[in-house]
Amino acid sequence: MRPSREAIHGQWSSRWAFVLAATGSAVGLGNIWKFPYITGEHGGGAFVLIYLACIVLIGIPIMMAEIMLGRRGRRSPINTMRHLAQEEGRHGFWRYLGWMGILAGFLILSYYSVIAGWALAYLVRTGSGVFTGLTADGVNNIFYSLVADPERLLAWHTLFMVMTMVVVARGVRSGLERAVRYLMPLLLVLLLVLVGYSMNTGAFQQALVFLFSPDFSKLSPNSVLIAMGHAFFTLSLGMGAIMVYGSYLPRHVSITRATFTIAGADTLVALLAGMAIFPIVFANGLTPGAGPGLIFQTLPIAFGRMPGGEFFGALFFLLLIFAAWTSAISLIEPLVAYLVENMRMSRVMAATLAGMVTWLFGLGTIFSFNIWSGDRYKLFGLTFFDLLDYLTVNIMLPLGGLLIAVFAVWAMRRESSVSELGIGDGRLYRAWRFVTRYITPVAVSLIFLHAIGVL
Ligand code: PFF
């Protein structure tokens with residue numbers, strides 16, 4: 001029997017609702033916290049160039065494939081994959097793709113929430129004027145005293161997890177659509193204000209050279225893997241988050257247009273964050289490779305000096321928290337959707353259970369910055385947090401994305417993808433199919449092999 005194509009969890013109210021929610025998922029800590037610090041660690045321009053190439057050649061085609069599978073399957077990722085594999089006469093093992101995504105989302109959220117907790121702590125600190133007139137050293141001290149204190153980190157992590165699970169328990173759509181519509185553009189405006197400030201007071205020229213003039217000698221095989229992993233992370237790809245959102249997408253909406261809008265907005269936010277932060281880094285003699293604390297050690301310097309810095313600082317962290325919130329929700333939605341569909345749990349029950357386990361796992365990340373930061377607790381020189389980040393972002397997401405691409409263009413019949421993408425069988429479709437069939441899988445595989453030293 002032909003399965004019905006009705007969404008079992010309801011649909012987005014319009015194309016915009018989907019684009020906003022997916023942009024809300026894509027734009028988050030990845031753009032503002034992570035992109036600048038990994039760019040700093042991997043030497044700037046060449047890394048940025050590889051990252052942009054990965055967005056275009058790998059991210060965009062896979063996003064189209066992932067949304068397409070979601071809309072065709074109309075279920076949580078595991079059931080979508082099971083269903084589509086059956087429909088296309090393929091092996092049932094494809095459903096494990098859904099499982100891997102659920103696991104990746106849960107692991108990522110466990111540390112994502114801890115970092116979002118830092119932003120919560122900084123909302124209070126900037127708003128109360130703690131940074132006013134401080135030197136770079138003073139700002140540094142505040143950061144280190146925060147991360148050295150597991151109890152404080154735990155309190156903020158707990159608050160963020162509760163915020164996330166409350167929204168998930170109520171259903172992703174209620175309230176969120178409207179909030180994203182206003183707050184996302186506001187975040188963009190505020191980033192522009194910060195870029196303007198950095199342009200006037202920081203080492204703007206030096207920052208532009210750092211970000212946009214590639215020096216390939218600074219790039220290691222591992223840097224290329226990290227740039228690719230980040231392309232998946234920042235676009236929320238490879239773990240079923242965008243697939244779940246796609247499963248609520250009405251039929252008439254153009255997947256291609258939505259994809260370009262989401263990827264464009266996401267990339268813009270990341271580049272603006274880089275342009276706001278690096279001038280401050282260079283003007284204050286800080287090191288670009290300072291690591292995960294980078295934005296927390298740079299932006300407060302600017303907020304401490306600019307007129308109205310308390311207000312702008314608090315607003316910035318508020319918007320960052322909001323951006324992280326809309327991403328966090330999508331990280332756990334595949335698991336919650338599965339629990340509701342297959343375990344017959346209520347949404348509230350599913351969200352509570354998923355939230356508690358994620359919260360507990362977050363303790364590992366909290367301790368990575370203090371009681372487990374010593375060498376005794378490291379594996380290959382990496383802390384628990386580093387390992388979790390590496391495993392999920394650089395291995396699980398690209399692997400998930402690769403399998404999504406392979407399924408969409410090798411396992412699925414051509415007619416199925418033509419009919420679902422809805423762009424006809426013309427040049428655009430053929431370009432997508434060619435890139436997704438050959439370029440994307442080959443690029444992802446080569447980068448993997450290169451990173452493990454086989455190539
Ligand atoms: N894209 C989010 C960010 O850049 O912060 C993180 C993320 C959300 C990754 C959802 C993966 C995901 F499924």
Side-chain angles (χ1 to χ4, degrees), residues 20-39 51 54-55 59-60 62-63 66-67 69-70 76-77 97-98 100-119 160 164 167-168 172 176 180 184 187 191 226-247 259 262-274 292 295 319-338 354 358 388-401 404:
L20 286 168
T23 308
S25 165
V27 174
L29 294 173
N31 309 61
I32 295 171
W33 159 73
K34 196 167 189 199
F35 172 74
Y37 95 74
I38 55 175
T39 299
Y51 155 75
C54 288
I55 295 281
I60 288 178
I62 291 185
M63 185 178 279
E66 195 168 332
I67 299 174
L69 297 186
S76 71
L97 176 55
M100 186 171 69
I102 284 185
L103 185 65
F106 146 74
L107 293 175
I108 293 175
L109 182 59
S110 80
Y111 73 79
Y112 204 85
S113 163
V114 174
I115 311 292
W118 297 1
F160 187 80
T164 303
V167 176
V168 174
V172 170
L176 211 76
V180 182
M184 280 290 157
L187 177 64
L191 274 174
I226 289 177
M228 173 177 78
H230 188 64
F232 282 96
F233 182 76
T234 192
L235 293 177
S236 305
L237 296 178
M239 55 146 282
I242 289 291
M243 196 185 285
V244 171
Y245 280 10
S247 74
T259 298
I262 299 160
D266 186 78
T267 309
L268 183 68
V269 171
L271 294 178
L272 286 177
I295 67 158
L319 293 173
L320 180 61
I321 292 159
F322 182 76
W325 201 10
T326 52
S327 302
I329 289 159
S330 69
L331 279 163
I332 205 72
E333 179 64 17
L335 173 56
V336 171
Y338 171 76
T358 316
L388 204 59
D389 181 39
Y390 198 91
L391 174 74
T392 49
V393 175
N394 302 324
I395 298 170
M396 293 172 85
L397 298 187
L399 198 61
I404 286 170

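The figures here come from the full heavy-atom set of this structure, side chains too, leaving out hydrogens, waters and symmetry mates. We're numbering straight along the sequence, starting at 1. None of the values given here were measured: they were computed from a predicted structure. Start at 1 and go down the list; that is how both ligands and their atoms are numbered.
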- Task: Would you indicate which of S236, G28, A26 comes nearest to atom 10 (C) of ligand 1 when only heavy atoms are counted?
- Result: S236
- Message: Suppose I only count heavy atoms of M239 and a 4.0 Å limit; which atoms of ligand 1 are within that range?
- Response: 11 (C), 12 (C), 13 (F)
- Note on the structure: Here the atoms of ligand 1 under 4.0 Å from any heavy atom belonging to S25 are 1 (N), 2 (C), 8 (C), 10 (C)
- Does some non-hydrogen atom of T234 fall short of 4.0 Å from ligand 1? yes
- For ligand 1, which atoms, with element, lie under 4.0 Å from some heavy atom of A241? 13 (F)
- Query: Is there a donor-acceptor contact under 3.5 Å linking the side chains of S110 and T358?
  - Reply: no
- Look only at the side chain of N31 and the backbone of A273, and say whether a donor-acceptor pair between them is shorter than 3.5 Å. no
- Query: Does G240 offer a backbone N or O that forms a donor-acceptor pair with the side chain of E66 under 3.5 Å?
  - Reply: yes
- Query: Do any nitrogen or oxygen atoms of D266 lie less than 3.5 angstrom from nitrogen or oxygen atoms of ligand 1?
  - Reply: no
- Task: Measure the OH-CH2 distance between Y112 and W33 for me, rounded to the nearest 0.5 Å.
- Result: 8.5 Å
- Message: Only heavy atoms of L29, strictly under 4.0 Å: list the atoms of ligand 1 that pass.
- Response: 5 (O)
- Short question: side chain of S327, backbone of A323 - any donor-acceptor pair under 3.5 Å? yes
- Task: For Y112, take its heavy atoms, then give the atoms of ligand 1 lying under 4.0 Å from any of them.
- Result: 2 (C), 3 (C), 5 (O), 6 (C)
- Counting only N and O atoms by type, is there a donor-acceptor contact under 3.5 Å from the side chain of S247 to the main-chain atoms of G70? no
- Check for a donor-acceptor pair, side chain of S76 on one end and backbone N or O of A337 on the other, with a separation under 3.5 Å. no
- Message: For atom 1 (N) of ligand 1, which of the options W33, F232, F233 provides the nearest non-hydrogen atom?
- Response: F233
